[in-house]
Enquirer: 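If you scroll down you'll find the structure; I have some questions about it.
Just so you know, these numbers use all the heavy atoms, side chains as well, and skip hydrogens, waters and symmetry mates. Every chain is numbered from 1 and lettered A, B, ... according to where its sequence line falls, protein lines coming before strand lines.
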There are 2 protein chains.
Amino acid sequence: MASSTAGALSGAAPLTAVNGAFLPHGEAGARIAAALREEILGGAYQPGERIRQQELAGRHGASRVPVREALRILEAEGLVTIVANAGSWVSRLSAQECTELYQLRERLEPLLLSYSVAALPAGVIERLQGLADAMQRSADVEEFIRLDRTFHLLSYSAAATIMLGDTISRLWNRTQHYRRAYTRMFRAERDDSVHYDHQLLVVALRNRDTDDAERVLAAHIRRTRLALARHPEIFDA
Amino acid sequence: MASSTAGALSGAAPLTAVNGAFLPHGEAGARIAAALREEILGGAYQPGERIRQQELAGRHGASRVPVREALRILEAEGLVTIVANAGSWVSRLSAQECTELYQLRERLEPLLLSYSVAALPAGVIERLQGLADAMQRSADVEEFIRLDRTFHLLSYSAAATIMLGDTISRLWNRTQHYRRAYTRMFRAERDDSVHYDHQLLVVALRNRDTDDAERVLAAHIRRTRLALARHPEIFDA
DNA sequence: ATGGCGAGAATTGAATTCAATCACAGCAGG
DNA sequence: CCTGCTGTGATTGAATTCAATTCTCGCCAT
């Protein structure tokens, strides 16, 4: 059973091979967490749905030990809720809880943006312009969700932080499902203020006007928060 | 080996007995995490110090599996840094990183306080007054640290949140060591503005004046942030 | 003396195994 | 017909065991 030490493409995989890729020792938990995170964010798992350890372990070719590690990681991120001796479920939010997360975003994202503004390369600002334009043309909900997320997170990409960036990623992840549900609704209502916000944000970034960018972003998030609060039916399911 | 189902004080402990207390199944990781957290916050572990899994497991009468769970929990809180295959260390902060955390506190704690103000029972406000007074009289660094933490966290105690409260606890925990180091210094400098802030905060709470309370608190945290930034030597060790 | 190298020890990562708890179906009784 | 209880199966929690990696310390060459 002695496996060779990671030869390039020959011989057997040293530990576990998933999708044909060689994987290092000591990252199984993080890898499973990343995969499960994507599944939850992509909608493969619904909020409230139960997560079984054995099922995950079997699907990833691992034992339940790293699966439990992965669940702990996602619990800390707020994506999963664990009850001792009972099980794990995909976390769900009430309307009030979602409002709280949006208030956090409203106060934190302008700060992260301010860290990013000065260091943002001009090429990135052009990509942001392209994303804002693409969103206005987009007709598909899933595509819009993806573009919107890319747009905002890209605008923060020049910020080097130890906690602020992670906190905001978590906020985006925890609210992802409800943002998707809302987007389906907002497209029916033909509200274009979202696009105007994005365009204004790009202008502020071009001018390297940190104050203006912060204000536009705070108003953008606030508007979304209030729109969500007007549609509590999203949270019933 | 069939153990009776949790008889009161007779027979052998069902699983593991620590400090003579009976403990439920499925909480070992959380319990070890809580104990280690207190040790780190209390100063028993210094930033940068290595944490060995076996040592912890032995001390808590458990195997390394729940210890690893505990380390994952504390890593998510930012108190511990884990490197795969290498080990775990108590996290340390640079001056710049600490400033970032204080900027987070500056934006978030007023929000949490606003959640709390209206629901804070009058008795709690009296306790806050007592804590503010006790801090002014306090001569001991450790006692001041403890009173200050109790004061602020108590002022938030009426807020019911799912993420904001946890985030702020983490901010307090991650900066605890440096706050202690600073306090030793500030006492030499005889700066009483901290106490004036506390007294003003209690007044605002008495008046149920949310806006005033938020402003006082933001200024309080900002002043501490700037004071810390003036003493980068704290972060050299 | 100092820096690179290698063998052994120490430490961490993950699979397996066993124990404890919980969920749920079926049944007795009101 | 509904309510509450009980036993069985499923699921999770933790100890043990084994494998992989890294750290440490002594050795040697420069």
Enquirer: Distance check needed: dG13(C) P versus Arg31(A) CZ, whole Å only.
Expert: 14 Å

Enquirer: Would you kindly give the CD-to-P distance between Glu69(B) and dG13(C), to the nearest whole Å?
Expert: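 Checked: the CD to P distance equals 14 Å.
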
Enquirer: Between atom CD in Glu75(A) and atom C1' in dG13(D), what is the gap in whole Å?
Expert: 14 Å

Enquirer: With a cut-off of 3.5 Å and sequence neighbours excluded, list every side-chain donor-acceptor pair involving residues 43-50 of chain A.
Expert:
{"residue": "Tyr45(A)", "atom": "OH", "partner": "Glu55(A)", "partner atom": "OE1", "Å": "3.3"}
{"residue": "Tyr45(A)", "atom": "OH", "partner": "Arg59(A)", "partner atom": "NH2", "Å": "3.1"}
{"residue": "Gln46(A)", "atom": "OE1", "partner": "His177(A)", "partner atom": "NE2", "Å": "3.1"}
{"residue": "Gln46(A)", "atom": "NE2", "partner": "Gly43(A)", "partner atom": "O", "Å": "3.0"}
{"residue": "Glu49(A)", "atom": "OE1", "partner": "Gln46(A)", "partner atom": "N", "Å": "2.9"}
{"residue": "Arg50(A)", "atom": "NH2", "partner": "Ala86(A)", "partner atom": "O", "Å": "2.7"}

Enquirer: Map Pro66(A) and Trp89(A) onto DNA chain C by nearest heavy atom, then report which one ends up closer to the 5' terminus.
Expert: Pro66(A)

Enquirer: Got a sec, which pairs hit ring pair (Phe, Tyr, Trp, His ring centres under 6.0 Å) with one end in residues 144-170 of chain A, sequence neighbours left out?
Expert: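 Matches after skipping sequence neighbours: Phe144(A)-Phe186(A), Phe151(A)-His198(A), His152(A)-Trp172(A), His152(A)-His198(A), His152(A)-His220(A).
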
Enquirer: State which residues pass side chain to side chain donor-acceptor pair (under 3.5 Å) with Thr175(B); sequence neighbours excluded, sorted by chain then number.
Expert: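 Result, side chain to side chain donor-acceptor pair (under 3.5 Å) vs Thr175(B): Arg179(B).
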
Enquirer: If the helix axis at each end comes from five base pairs, how far does the helix from dA1(C)-dT30(D) to dG30(C)-dC1(D) deviate from straight, to 10°?
Expert: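 The angle separating the two end axes equals 20°.
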
Enquirer: What distance separates Leu93(B) CG from Leu228(B) CG, expressed to the nearest 0.5 Å?
Expert: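 Rounded to the nearest 0.5 Å, the CG-CG separation comes to 10.5 Å.
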
Enquirer: Enumerate the protein-to-nucleotides 8-12 of chain C contacts in which both atoms are nitrogen or oxygen and the separation is below 3.5 Å.
Expert:
{"residue": "dT11(C)", "atom": "OP1", "partner": "Arg52(B)", "partner atom": "NE", "Å": "3.0"}
{"residue": "dT11(C)", "atom": "O3'", "partner": "Arg50(B)", "partner atom": "NH2", "Å": "3.4"}

Enquirer: Ring pair (Phe, Tyr, Trp, His ring centres under 6.0 Å) with Tyr178(B): which residues, sequence neighbours excluded?
Expert: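 So Tyr178(B) forms a ring pair (Phe, Tyr, Trp, His ring centres under 6.0 Å) with Phe235(B).
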
Enquirer: Could you pull out all residues at least two apart from Arg174(B) that satisfy side chain to side chain donor-acceptor pair (under 3.5 Å)?
Expert: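 Arg174(B) satisfies side chain to side chain donor-acceptor pair (under 3.5 Å) with no other residue.
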
Enquirer: Who passes side chain to side chain donor-acceptor pair (under 3.5 Å) against Arg37(B), sequence neighbours left out?
Expert: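 Result, side chain to side chain donor-acceptor pair (under 3.5 Å) vs Arg37(B): Glu77(B).
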
Enquirer: Does anything in residues 79-89 of chain B pair up under side chain to side chain donor-acceptor pair (under 3.5 Å), and if so which pairs, sequence neighbours excluded?
Expert: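 Counting only pairs at least two positions apart or across chains, the side chain to side chain donor-acceptor pair (under 3.5 Å) contacts touching residues 79-89 of chain B are Thr81(B)-Ser91(B).
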
